[in-house]
Amino acid sequence: MTRPSTPVRCDVWWAPPTLARPGLLAVLDDGERRRHARYRIPADRDRYAVAHALARIVCANAAGCAPQDVAFTLHCPRCAAEGENRKEPHGKPVPAGPALGLEMSISHSGDRVAVAVTSGVPVGVDVEFVREDRDIDGLLDYALTEAERADLAAAGPEHRTAGFYTYWARKEALLKATGEGLSGGLASISVTAPAAPADVLAWDSPAAPPHVRLADLAAGADYRAALAALTAAPLDVRVHDAAPLLTAVTH
Ligand SMILES: CC(C)(COP(=O)(O)OP(=O)(O)OC[C@H]1O[C@@H](n2cnc3c(N)ncnc32)[C@H](O)[C@@H]1OP(=O)(O)O)[C@@H](O)C(=O)NCCC(=O)NCCS
Ligand SMILES: [Zn+2]
């Protein structure tokens, strides 16, 4: 099969949640401010504020508008296919208003916030804090195929937890790109072993996209992160530090 060779540009912005401050709330919309206020744990609140302010700023810069003018509509392909109209909007945030045509994904975990943006190509980003204390035994069947479980066992105990999160981040990035989220089934996707370059080997679902690109992202020793885009073209991934964008917000 011939693949188009023009790379798809994908910008990934990283920020620590410590950059959260009240001024960022001014760029959020009312719904986001309400949701921000509902978080009881300060760390969750800060990750949310940084992620949503950053998503607005990068979409606004790409669209040539103010961050406050960016709109996000939430899209759940599962409910759309089943004709369900749940009261509370949920699912993948899709840029709208002046930012219509952009695609965006948000992820936050521990001390990391990531926002990925492309023009017109559905994208998913996922970052996972490698929690050595978390019991992953109960998640193995849920997240991995039989072959992946065998590969993880063969890699040795010292690589087990980080390897598991590599699988998880890759698969969740894919499911965030399609918008299905975890309900799409992590174990329906088969990806390469953690030490190998990220790629999709099989995707056993009627919702599997015809083309997909997958890449690992460097997020620091205690994190695993991945980026997925629904395209046949190679990815041109540009990674940025978002601190200057966030500290420039003066309200
Ligand atoms: C939503 C979900 C992908 C979040 O994953 P997570 O590892 O807990 O969190 P992350 O930080 O990586 O990602 C969270 C972000 O993903 C985005 N998101 C939410 N749903 C999404 C979806 N279906 N597809 C893509 N992105 C989604 C949101 O922007 C969210 O950030 P926000 O809450 O600050 O706005 C995951 O919890 C999930 O799939 N849950 C089940 C969803 C489900 O059941 N959907 C069917 C409903 S009918
Ligand atoms: Zn739904």
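Please read all numbers here as calculations on a predicted model, not as lab measurements. Only this structure's heavy atoms are used, side chains among them; waters, hydrogens and symmetry mates stay out. Indexing begins at 1, ligand by ligand and atom by atom, following the structure's order.
- Taking all heavy atoms of K92, E172, E180 into account, the minimum distance to atom 3 (C) of ligand 1 is reached by E172.
- In terms of heavy atoms, L28 sits closest to R33 at O-NH1, 2.7 Å.
- Close approach of ligand 1 to D126 (heavy-atom distance below 4.0 Å) involves ligand atoms 7 (O), 12 (O).
- In terms of protein heavy atoms, atom 37 (O) of ligand 1 is closest to L182 CD1, 4.1 Å.
- A side-chain N or O of E132 and one of T161 form a donor-acceptor pair less than 3.5 Å apart.
- For the residue pair T231 and R213, no side-chain donor N or O sits within less than 3.5 Å of a side-chain acceptor on the partner.
- Here the shortest heavy-atom distance to atom 12 (O) of ligand 1, taken over H75, H108, K176, H90, belongs to K176.
- Within a 4.0 Å radius of atom 5 (O) of ligand 1, the protein contributes at least one heavy atom.
- Within 4.0 Å of atom 30 (C) of ligand 1, not a single protein heavy atom is present.
- There is no protein heavy atom closer than 4.0 angstrom to atom 1 (C) of ligand 1.
- Among all protein heavy atoms, the one lying closest to atom 32 (P) of ligand 1 is H52 NE2, 3.4 Å.
- Taking a cut-off of under 4.0 Å to the non-hydrogen atoms of E128, the atoms of ligand 1 that pass are 7 (O).
- Shown here for G120 and E103, the closest heavy-atom pair between the two residues is C-CG, 4.0 Å.
- Within a 4.0 Å radius of atom 42 (C) of ligand 1, the protein has no heavy atom.
- Counting non-hydrogen atoms of neighbouring residues, nucleotides and ligands closer than 6.0 angstrom, the CD atom of E82 exceeds 12 such neighbours.
- Protein heavy atom at the shortest distance from atom 45 (N) of ligand 1 is S183 OG, 3.7 Å.
- Heavy-atom contacts of Y48 reach the following atoms of ligand 1: 34 (O) (cutoff under 4.0 Å).
- Under 4.0 angstrom from ligand 1, the non-hydrogen atoms of I106 come from both its backbone and its side chain.
- Nearest-residue assignment for atom 21 (C) of ligand 1 (options A80, G124, G91; heavy-atom criterion): G91.
- Close approach of ligand 1 to G179 is summarised as follows: ligand atoms under 4.0 Å from at least one heavy atom of the residue are 22 (C), 23 (N), 24 (N).
- Nearest protein heavy-atom neighbour of atom 47 (C) of ligand 1: R86 NH2, 3.2 Å.
- When hydrogens are left out, the protein atom nearest atom 17 (C) of ligand 1 is P93 CD, 3.9 Å; that is the closest non-hydrogen contact.
- With a heavy-atom cut-off of 4.0 Å, R47 does not touch ligand 1 at all.
- Geometric assessment of R112 against the ring of Y223 yields a positive cation-pi assignment under the 6.0 Å and 45° thresholds.
- Between P93 and L74 the shortest heavy-atom distance is CA-CD2, 3.6 Å.
- Among all heavy-atom pairs drawn from P17 and G110, the shortest one is CG-O, 3.6 Å.
- Between P197 and R170, the shortest heavy-atom distance links the atoms C-NH2, 4.2 Å.
- Salt bridge absent: R21 and D46 never bring a charged side-chain N and a carboxylate O closer than 4.0 Å.
- Using a 4.0 Å cut-off between heavy atoms, R35 contacts ligand 1 through its side chain alone, with no backbone atom that close.
- A salt bridge does not link R56 with D69: every distance from a Lys NZ or Arg NE/NH1/NH2 to an Asp or Glu carboxylate oxygen is 4.0 Å or more.
- When all heavy atoms are compared, the tightest approach of L144 to A187 is O-CB, 4.0 Å.
- Ligand 1 is approached by C79 to a heavy-atom distance shorter than 4.0 Å.
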